[in-house]
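Please read the structure below before turning to the comments.
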Amino acid sequence: AESRRMRANLIRGCLSVAVLIASLAKGNAEEPKAKPETPEARQARLFKKFESTLTNAVLTGQFTVVGKEVPPRTESYTILSVKKMARGDLWVFTARIKYGKHDVTLPMPIPVKWAGDTPVISLDNLTLPGLGTFSAHVVIDGKKYAGTWAHGKVGGHMFGTIAPAKAMPKPAATKPD
């Protein structure tokens, strides 16, 4: 009787091992190996993410002025759209610029470089008619930005967050008298 029980336990053990091996083999056979992302697909994914992060976005933060012992001041930039140009590293940023007495919306061709998967807006001595000449090197890291800026001989640091712009209210329809 004990011999019979030992044989039954041995058979159950062998069957359990066989089922385990079969299920592992089946699981491995059904899991397709993930294909590595092609360089073109990676670039397209990064470009799309960059565009969607900055299109219809508000960058809100602070800036400092090098050489001035004052607390950082608040700043806000509204970007209406960002589109990759066909050639090179240039992107067209259409942004609202509020500076002093000026309040204009301009399309600006600006180079964007990449540090791995991280975009860096690299503006070198861009002259905006009526506003002046500007430089900035700004890292976009998810929903945050940080970098340096210069306007003529004055410059400093800038940093803050990126959020979707609030929808503009539609004008009320006027009723004829």
Give, for atom CG of N56 and atom CG of L80, the distance between the pair rounded to the nearest 0.5 Å. 7.5 Å
Under the side-chain contact (heavy atoms from CB on, under 4.5 Å) criterion, do W91 and E51 qualify, and how do the steps go? CA-CA 10 Å; W91 293 68; E51 266 188 30; 3.5 Å; yes
Separation between CD (E40) and CD (Q43), nearest 0.5 Å, reads 8.0 Å
With side chains defined as the heavy atoms from C-beta onward, is the minimum distance between V112 and K84 less than 4.5 Å? no
For the student: nearest non-hydrogen atoms of A115 and V120, plus distance: CB-CG2, 4.5 Å
Contact between I121 and I110 at the side-chain level, heavy atoms closer than 4.5 Å - yes or no? yes
Could you check if a side-chain atom of V139 sits within less than 4.5 angstrom of a side-chain atom of F159, using non-hydrogen atoms only? no
Does H157 have any side-chain hydrogen bond (donor to acceptor under 3.5 Å, both in side chains) partners at least two apart in sequence or in another chain, and if so, which? T64
pair D117-R42: side-chain heavy atoms closer than 4.5 Å: yes
Could you tell me if the side chain of F93 sits less than 4.5 Å from the side chain of V82, heavy atoms only? yes
Are L123 and L106 connected in a single hydrophobic cluster, I mean Ile/Leu/Val/Met/Phe/Trp/Tyr linked by side-chain heavy atoms less than 4.5 Å apart? yes
Taking the side chain as C-beta and beyond, is there a heavy-atom pair between L59 and L54 under 4.5 Å? yes
No-hydrogen, no-angle side-chain donor-acceptor test under 3.5 Å, T133 and T127: yes
Flag the pair H102 / I97 as yes when at least one side-chain heavy-atom distance between them is below 4.5 Å, and no otherwise. no
Is any side-chain heavy atom of Y77 closer than 4.5 Å to one of M158? yes
Can you give me the closest heavy-atom contact between S135 and N125, atom names plus distance? OG-N, 2.8 Å
Test of understanding: clusters of I, L, V, M, F, W, Y form through side-chain heavy atoms closer than 4.5 Å, transitively. Do L128 and F63 belong to the same one? yes
So if you build clusters from Ile, Leu, Val, Met, Phe, Trp, Tyr with side-chain heavy-atom gaps below 4.5 Å, do Y145 and I79 land together? yes
Check the angle between the aromatic planes of F134 and H151 and answer parallel, tilted or perpendicular using the 30° and 60° thresholds. parallel
Between P72 and Q62, which heavy-atom pair has the shortest distance, and what is it? CB-OE1, 3.5 Å
State, to 0.1 Å, how close M108 and A95 come at their nearest heavy-atom pair, and which atoms those are. CE-CB, 3.8 Å
T60 side chain to T161 main-chain N or O, any donor-acceptor pair under 3.5 Å? no
Minimum heavy-atom distance between L46 and W114, given as atom pair plus value: O-CH2, 3.7 Å
Can you give me the closest heavy-atom contact between W149 and V154, atom names plus distance? CZ3-O, 3.6 Å
Stepwise side-chain contact (heavy atoms from CB on, under 4.5 Å) test for K98 and T78: CA-CA 9 Å; K98 291 170 71 174; T78 302; over 6 Å; no
Would you mind listing every salt bridge (charged side-chain N to carboxylate O under 4.0 Å, His left out) that reaches into residues 124-150, with sequence neighbours excluded? none
Going hydrophobic residue to hydrophobic residue with side-chain gaps under 4.5 angstrom, can you get from V92 over to V138? no
